[in-house]
A.B. asks: 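Okay, handing you the structure first.
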There are 2 protein chains.
Amino acid sequence: MVDQVDRILEQWSTEKPDLDVSPMAVIGRLSRTALAIETRLAATFTRYGLDASSFDVLATLLRSGAPYRIAPAALARDAMISTSAVAQRLNKLQTRGLVSREANPDDGRGTLVALTDAGKRLIDTALAPHVETERAITAILTIEEQSILVGLLQRINAAATRD
Amino acid sequence: MVDQVDRILEQWSTEKPDLDVSPMAVIGRLSRTALAIETRLAATFTRYGLDASSFDVLATLLRSGAPYRIAPAALARDAMISTSAVAQRLNKLQTRGLVSREANPDDGRGTLVALTDAGKRLIDTALAPHVETERAITAILTIEEQSILVGLLQRINAAATRD
DNA sequence: GATCGATTGCTAAGCACTTAGCTATTATAG
DNA sequence: CTATAATAGCTAAGTGCTTAGCAATCGATC
């Protein structure tokens, strides 16, 4: 099966025959696959009036368990984005009535973000279809293959993160 | 090795014990690994006064071979972005004198983007260090493991793209 | 207990993408 | 040949991220 990355590698081998560009075979596919997945998942989010960012916030609140209340800083760590980006996501969700902000009783600087009833209903509805979309993608691999893939990704991730 | 994705899966199994969220183990790691790689690669681009987008354009021109001239539409297909985004990338690179735009002699609507001498020198300089950064990441896996990973990614990519 | 550095969460400004919409040119159908 | 549809490339406007910078509060040290 010849894909776009194969064509790119072929061009490099013609233009820079002395350069070993084999790392691109791995990293190129990884980036493109992540993008393809993102695009595919977006369709499900749209069906429920959401996008990946909003879904992410609501799902993080849901899986934190009752009373579905967490600090913005925790949302930022979890989503690997800045606290500023979190504030902007929350502004949007709060305007739609899906989350609310309360003062943190234990920390005068802090805020607690809470799922509203409408937010809880929406994420409860959207969660299973989202996971089904993910399953439609991963089901191409056996459980064993998925487990191999996860192991390889963990090692690549560790190598990319260190230093 | 327990990572952030493991903690997320554990939360889900507590909060939604009836929902099989195992697809998240694969897709969550894939997204996070792609992001970690992107972050790591950015440092090398910065060393040469570039970012991923600019590097991408210059590298695409370089690997197309002499005379290093291609249409904006081809750049868009290759980078999987809109032609509008290409136009904006080109505006920036043209301002810096790294690419030039010429009329396409074979198509009155079209433009050809060309590497300037300065652009060619820059990408010739930055290419090998970039590939070395990629190799520093992928070298954690043996060649056989890399080849297994590529095969699994190709299948996931195909599954995410179809329908 | 006062001070000073760290932390929390926010807005403002900048940046790179998207879609929408435009002009100009080319290809197709009759 | 002409009318119409398709294509190429662009700018404008909107979106969501980033970094910078702010005010308020907390914690550690003396």
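Computed over heavy atoms, backbone and side chain alike; hydrogens, waters and symmetry mates excluded. Letters go in sequence order (proteins before strands), and every chain restarts at 1.
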A.B. asks: Output the single nucleotide from D:dA8, C:dC10, C:dT18 whose closest atom is nearest the side chain of A:T83.
C.D. replies: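 Given the options D:dA8, C:dC10, C:dT18, the side chain of A:T83 is closest to C:dC10.
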A.B. asks: Would you sort out whether A:D20 and B:R135 count as a salt bridge (Lys or Arg N to Asp or Glu O under 4.0 Å), showing the intermediate values?
C.D. replies: CA-CA 9 Å; A:D20 171 18; B:R135 193 184 324 281; 3.0 Å; yes
A.B. asks: Against A:R89, only a single residue in A:D78, A:D51, A:D56 fulfils salt bridge (charged side-chain N to carboxylate O under 4.0 Å, His left out); can you say which?
C.D. replies: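 Between A:R89 and the candidates, salt bridge (charged side-chain N to carboxylate O under 4.0 Å, His left out) is satisfied uniquely by A:D56.
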A.B. asks: For B:A73, answer base if it contacts any base atom (sugar-phosphate contacts may also be present), sugar-phosphate if it contacts only those atoms, and nothing otherwise; contact means non-hydrogen atoms under 4.0 Å.
C.D. replies: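 Here B:A73 touches the backbone only, sparing every base.
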A.B. asks: If I take atom CG in residue B:D106 and atom P in nucleotide D:dT7, what distance separates them, rounded to the nearest angstrom?
C.D. replies: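 These atoms are roughly 18 Å apart.
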A.B. asks: Can you tell me the distance, in whole Å, between the CD atom of B:E102 and the C1' atom of D:dG9?
C.D. replies: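 In whole Å, D:dG9 C1' and B:E102 CD are 16 Å from each other.
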A.B. asks: Nearest whole angstrom, please: distance from the C1' of D:dA6 to the CG of B:D107.
C.D. replies: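 Spelled out: CG on B:D107 to C1' on D:dA6 is 12 Å.
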A.B. asks: Quick one: A:F45 CZ to D:dG16 C1', roughly how many Å, whole number?
C.D. replies: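 Computing the A:F45:CZ to D:dG16:C1' distance gives 16 Å.
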A.B. asks: Classify the nucleic acid contact of A:N91 as base, sugar-phosphate or nothing, counting any heavy atom under 4.0 Å across all strands shown.
C.D. replies: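 Since only primed, P, OP1 and OP2 atoms lie under 4.0 Å of A:N91, the category is sugar-phosphate.
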A.B. asks: Would you mind reading off the distance between A:L75 atom CG and D:dG16 atom P, rounded to a whole angstrom?
C.D. replies: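 Those two atoms, CG and P, are 16 Å apart.
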A.B. asks: In whole angstroms, how far is the C1' atom of C:dT11 from the CZ atom of A:R89?
C.D. replies: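 Result: 18 Å.
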A.B. asks: What does A:D51 touch in the nucleic acid at a heavy-atom separation under 4.0 angstrom: a base, only the sugar-phosphate, or nothing?
C.D. replies: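 If one applies the 4.0 Å heavy-atom cut-off, A:D51 turns out to touch the sugar-phosphate alone, with no base involved.
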A.B. asks: Is there a donor N/O on one and an acceptor N/O on the other, under 3.5 Å, for the side chain of A:S82 and the base of D:dT19?
C.D. replies: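 Answer is no: no donor-acceptor pair is held.
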A.B. asks: Got a donor-acceptor pair under 3.5 Å from the side chain of B:Q88 to the base of C:dT18?
C.D. replies: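 Side chain to base: pair present.
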A.B. asks: Heavy atoms under 4.0 Å, any strand shown: does B:A85 hit a base, just sugar-phosphate, or nothing?
C.D. replies: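 If one applies the 4.0 Å heavy-atom cut-off, B:A85 turns out to touch a base.
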A.B. asks: Can you check whether A:R101 has a side-chain N or O nearer than 4.0 Å to OP1 or OP2 of C:dC10?
C.D. replies: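 Yes, because at least one side-chain N or O of A:R101 sits under 4.0 Å from OP1 or OP2 of C:dC10.
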A.B. asks: Using atom CG of A:N104 as one end and atom P of D:dC26 as the other, report the distance to the nearest whole Å.
C.D. replies: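 Rounding to the nearest Å, CG of A:N104 and P of D:dC26 are 10 Å apart.
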A.B. asks: From the options D:dG16, C:dT18, C:dT8, select the nucleotide whose nearest atom is closest to the side chain of A:S53.
C.D. replies: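 It is D:dG16.
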A.B. asks: For the residue pair A:L149 and A:Q154, establish whether any side-chain heavy-atom pair is separated by less than 4.5 Å.
C.D. replies: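 No - every pair of side-chain heavy atoms lies 4.5 Å or more apart.
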A.B. asks: Examine distances only and state if a side-chain atom of A:T125 and a backbone atom of A:R121 form a donor-acceptor pair shorter than 3.5 Å.
C.D. replies: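 Confirmed, A:T125 side chain pairs with A:R121 backbone.
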A.B. asks: Do the side-chain N or O atoms of A:R109 get closer than 4.0 angstrom to the phosphate oxygens (OP1, OP2) of C:dA6?
C.D. replies: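 The answer is no; no side-chain N or O of A:R109 sits under 4.0 Å from OP1 or OP2.
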A.B. asks: If only atom types and distance count, is the side chain of A:E145 paired as donor or acceptor with the main-chain N or O of A:T142 below 3.5 Å?
C.D. replies: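 Present.
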A.B. asks: Would you mind reading off the distance between A:L90 atom CG and C:dT11 atom P, rounded to a whole angstrom?
C.D. replies: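 Nearest whole value for this atom pair: 10 Å.
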A.B. asks: Should the side chain of B:S84 and the base of C:dT19 be counted as holding a donor-acceptor pair, with the cut-off at 3.5 Å?
C.D. replies: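 Indeed there is one.
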